[in-house]
Visitor: 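A single structure is presented below for examination.
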Amino acid sequence: MTFKDKVIEVVASIPYGKVTTYGTVALLAGIPRGSRMVGAILHFNAERFDLPWHRVVNRHGYISTNCAEHTRDIQKGLLEQEGIEVSPSFIVHLKKYGWFGEDEAIKNN
DNA sequence: GAGCTGACAATAG
DNA sequence: GCTATTGCCAGCT
């Protein structure tokens, strides 16, 4: 079980209509400061494992994505389809939609 | 096989 | 409170 696999499980455990941060995913994956890799792992494994990468934003609730294949516009659209309100500035209200692993993600031991 | 890069976050000043 | 530096490790060259 590598950090990559944990990240995949955590991201896959994000409830519908909720969003989380890279720091939270990294923390649940066992690396409190491995937030950088979360994005990288998602970038390479999101489509491969069919992960809801769009539910992951930075700690400001802002869509950090700058990839040509995964633009903020795409993520914003996906979030809106989840029923999540996204500000015109691509900001998500973590106060309302923020998820910090209150459920299965803690089953990591 | 070794080094560099990378969807960020936390700590220190 | 804000700016600057360090840290994490998988994936790519």
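Labels below follow one simple rule: chain letters A, B, ... track the order of the sequence lines, proteins then strands, and each chain is numbered from 1. Computed from heavy atoms alone, side chains included, the values below leave out hydrogens, waters and symmetry copies.
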Visitor: Within the side chain of A/S13, is there an N or O that forms a donor-acceptor pair under 3.5 Å with the backbone of A/E9?
Guide: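 At least one qualifying donor-acceptor pair exists.
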
Visitor: Can any side-chain N or O of A/D5 pair as donor or acceptor with the backbone N or O of A/T2 at less than 3.5 Å?
Guide: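 Pair found, side chain donor or acceptor close to backbone of A/T2.
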
Visitor: Name every residue in residues 71-97 of chain A that has at least one heavy atom under 4.0 Å from any atom of DNA chain B, in order of residue number, or write none if there are no such residues.
Guide: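 None - not one residue of the stretch has a heavy atom sitting under 4.0 Å from the strand.
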
Visitor: Which ones in residues 38-59 of chain A lie close to DNA chain C, meaning a heavy atom under 4.0 Å from one of its atoms?
Guide: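 Result for residues 38-59 of chain A: A/F44, A/N45, sorted by number.
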
Visitor: Below 3.5 Å is the cut-off: list the nitrogen or oxygen pairs between protein and nucleotides 7-9 of chain C, distance only.
Guide:
from  : atom 1 : to    : atom 2 : distance (Å)
C/dG7 : O4'    : A/R33 : NH2    : 3.2
C/dG7 : O6     : A/R36 : NH1    : 3.1
C/dG7 : N2     : A/R33 : O      : 3.3
C/dC8 : O2     : A/R33 : O      : 3.0

Visitor: Would you say A/V56 and A/I14 make side-chain contact, with heavy atoms under 4.5 Å?
Guide: yes

Visitor: For atom P, what is the distance between B/dC4 and C/dT6, given to the nearest Å?
Guide: 16 Å

Visitor: Please report the interatomic distance OG1(A/T21) to CZ(A/R59), rounded to the nearest 0.5 Å.
Guide: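 Interatomic distance, A/T21 OG1 to A/R59 CZ, rounded to 0.5 Å: 9.5 Å.
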
Visitor: Please, which pairs that meet salt bridge (charged side-chain N to carboxylate O under 4.0 Å, His left out) have at least one residue in residues 83-94 of chain A, sequence neighbours excluded?
Guide: A/E85-A/K96

Visitor: Using whole Å, what does the distance between atom P of nucleotide C/dG1 and atom NE2 of A/H60 come to?
Guide: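 It works out to 14 Å between those atoms.
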
Visitor: Which value, rounded to the nearest 0.5 Å, describes the distance between A/I31 atom CD1 and A/L28 atom CG?
Guide: 12.0 Å

Visitor: Check A/G30 against A/P32 and note the closest heavy-atom contact, atom names and distance.
Guide: O-CD, 3.5 Å

Visitor: Please state how far atom CD1 in A/I8 lies from atom P in B/dA7, giving the value in whole angstrom units.
Guide: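 So the two atoms are 18 Å apart, to the nearest Å.
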
Visitor: With a 4.5 Å cut-off on side-chain heavy-atom distances among I, L, V, M, F, W and Y, is there a chain of contacts connecting A/Y22 to A/V86?
Guide: no

Visitor: Enumerate donor-acceptor pairs with a distance under 3.5 Å from any side-chain N or O in residues 77-84 of chain A to protein atoms, sequence neighbours excluded.
Guide:
from  : atom 1 : to    : atom 2 : distance (Å)
A/E80 : OE2    : A/K76 : NZ     : 2.8
A/E82 : OE1    : A/R55 : NE     : 3.0
A/E82 : OE1    : A/R55 : NH2    : 2.7

Visitor: Which one of A/T65, A/T20, A/I63, A/I91 satisfies the side-chain contact (heavy atoms from CB on, under 4.5 Å) criterion with A/V57?
Guide: A/I63

Visitor: For A/S64, report the nucleic acid contact type (base, sugar-phosphate, nothing); a contact means any heavy atom under 4.0 Å.
Guide: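 The answer is sugar-phosphate, as A/S64 gets under 4.0 Å only of primed atoms, P, OP1 or OP2.
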
Visitor: Please set out all donor-acceptor pairs under 3.5 angstrom arising from side-chain atoms of residues 35-46 of chain A, sequence neighbours excluded.
Guide:
from  : atom 1 : to    : atom 2 : distance (Å)
A/H43 : ND1    : A/H70 : ND1    : 3.4
A/N45 : ND2    : A/I41 : O      : 2.7

Visitor: Can you check the A/Y62 OH to B/dA7 C1' distance for me, whole Å?
Guide: 12 Å

